[in-house]
Amino acid sequence: MGANMGKNSSLLDALPSAQGTLHVVMLGLDSAGKTTALYRLKFDQYLNTVPTIGFNCEKIKGTVGKAKGINFLVWDVGGQEKLRPLWKSYTRCTDGIVFVLDSVDVERMEEAKMELIRTAKSPDNSGVPILVLANKQDLPGAREPKELEKLLGLHELGGNAHGSKEGGTHCWHVQPACAITGDGLHEGMEALYDMIQKRRKLAKINKKKIR
Ligand code: G3D
Ligand code: MG
């Protein structure tokens, strides 16, 4: 399944598309904190996680700022190396990508960068906004967003949410967070929502221009 799925069938297609619900997929290396973040967003509490084989999927409601009341359907896909080929089938037709990062694990930063760039450059994800969740900010030695931007080479992906343009098609934003306490998670979802809205507005304008 997954890696061998036909071009026209994805798990997302199998779901009834709830009106107004935004589809978001959480990616990132194993043990970055994706499942912890998902369940903290969902239940507002810490849940003990086990490594994800397959995926988790939950409906989340935005609580902060413009994203208040917005429904997100969030997919949390296993991050172990052998599962990564599956990411492709989840990221098709998604409104936004949350890339969860262990901000302490500098040893695996290059690996995270490779996976992020691979995801961003996949034609299916062209222009999909990316929220980088700089997780585990509670731990000593956690890198700051500015440094992570550099380590991940985010500028190669496109302008960030604040408008700088350096080629590439992606809007991105780095949000410092702690999935255990929940700090920064809803702020991150708001930033993602903001980028999704901007992209939609631009698409509308461009459509009008073509007419
Ligand atoms: P994954 O779904 O990305 O693979 P998990 O990652 O959510 O399973 O988390 C992996 C480990 O990181 C878990 O610890 C979890 O408690 C921890 N973790 C997640 N987010 C944070 C955070 O913000 N800060 C700290 N300090 N730890 C975090 P265990 O010990 O269960 O492996
Ligand atoms: Mg997991």
Side-chain angles (χ1 to χ4, degrees), residues 1-3 10-12 23-60 62-64 72-91 94 96-120 122 125 128 130-149 151-152 154 172-192:
M1 202 187 66
S10 93
L11 286 165
L12 290 184
H23 288 264
V24 171
V25 65
M26 267 187 182
L27 302 174
L29 302 185
D30 47 295
S31 136
K34 299 177 293 296
T35 308
T36 309
L38 178 71
Y39 287 108
R40 167 53 77 177
L41 276 165
K42 174 75 183 171
F43 300 115
D44 199 21
Q45 57 178 274
Y46 171 72
L47 283 193
N48 219 340
T49 60
V50 290
T52 310
I53 319 278
F55 62 89
N56 303 300
C57 180
E58 298 292 345
K59 209 167 211 175
I60 307 285
T63 61
V64 169
F72 300 93
L73 188 67
V74 184
W75 296 79
D76 156 33
V77 189
Q80 291 166 42
E81 202 170 354
K82 59 175 189 257
L83 299 172
R84 289 179 209 158
L86 281 169
W87 289 4
K88 226 170 151 6
S89 25
Y90 292 89
T91 52
T94 192
I97 294 172
V98 178
F99 193 88
V100 184
L101 193 68
D102 181 335
S103 309
V104 181
D105 194 357
V106 181
E107 257 170 46
R108 292 214 296 167
M109 209 52 83
E110 194 56 37
E111 193 184 345
K113 175 181 176 176
M114 265 173 41
E115 295 298 347
L116 176 60
I117 288 183
R118 197 203 309 271
T119 303
S122 150
N125 300 333
V128 174
I130 300 173
L131 173 76
V132 177
L133 208 56
N135 196 30
K136 308 201 184 181
Q137 288 290 323
D138 57 306
L139 294 178
R143 305 297 158 125
E144 288 182 7
K146 277 270 165 248
E147 192 182 347
L148 294 169
E149 258 176 58
L151 288 170
L152 293 174
L154 288 176
W172 50 267
H173 176 82
V174 184
Q175 172 69 48
C178 170
I180 292 204
T181 61
D183 283 344
L185 296 183
H186 278 287
E187 288 77 2
M189 294 311 281
E190 189 195 9
L192 184 64

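One-based numbering, in listed order, for ligands and for the atoms of each. Side chains are part of it too, since the values below use all heavy atoms of this structure and drop only hydrogens, waters and symmetry mates.
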Legend entry - Nearest-0.5 Å distance, CZ of residue Phe72 to NE2 of residue His23: 12.0 Å
Legend entry - Asn125 side chain to Thr119 backbone, donor-acceptor under 3.5 Å: yes
Legend entry - With Arg108 via side chain to side chain contact (heavy atoms under 4.5 Å, CB included) - residues at least two apart: Leu29, Asp30, Arg84, Asp105, Glu111
Legend entry - Residue shell around ligand 1, heavy atom under 4.0 angstrom: Leu29, Asp30, Ser31, Ala32, Gly33, Lys34, Thr35, Thr36, Tyr46, Thr49, Asn135, Lys136, Asp138, Leu139, Cys178, Ala179, Ile180
Inset, instruction - Kindly compute the distance separating CE (Met114) from CE (Met109), expressed to the nearest 0.5 Å. - result: 14.5 Å
Inset, instruction - Let me know which of Val77, Asn56, Thr35, Leu41 forms a side chain to side chain contact (heavy atoms under 4.5 Å, CB included) with Met26. - result: Leu41
Legend entry - Polar side-chain atom of Lys34 near backbone of Gly78 as donor-acceptor pair, under 3.5 Å: no
Legend entry - For the Mg ion (ligand 2), every protein N/O/S atom that sits closer than 2.8 Å, waters excluded: Thr35 OG1, Thr52 OG1
Inset, instruction - Can you sort out the partners of Tyr39 under ring pair (Phe, Tyr, Trp, His ring centres under 6.0 Å), two or more places apart, ordered by chain and number? - result: Phe43
Legend entry - Other residues, nucleotides, ligands: >12 heavy atoms within 6.0 Å of Glu81 CD: no
Legend entry - Positive for side chain to side chain contact (heavy atoms under 4.5 Å, CB included) with Leu101, one of Leu133, Asn135, Leu152, Val174: Leu152
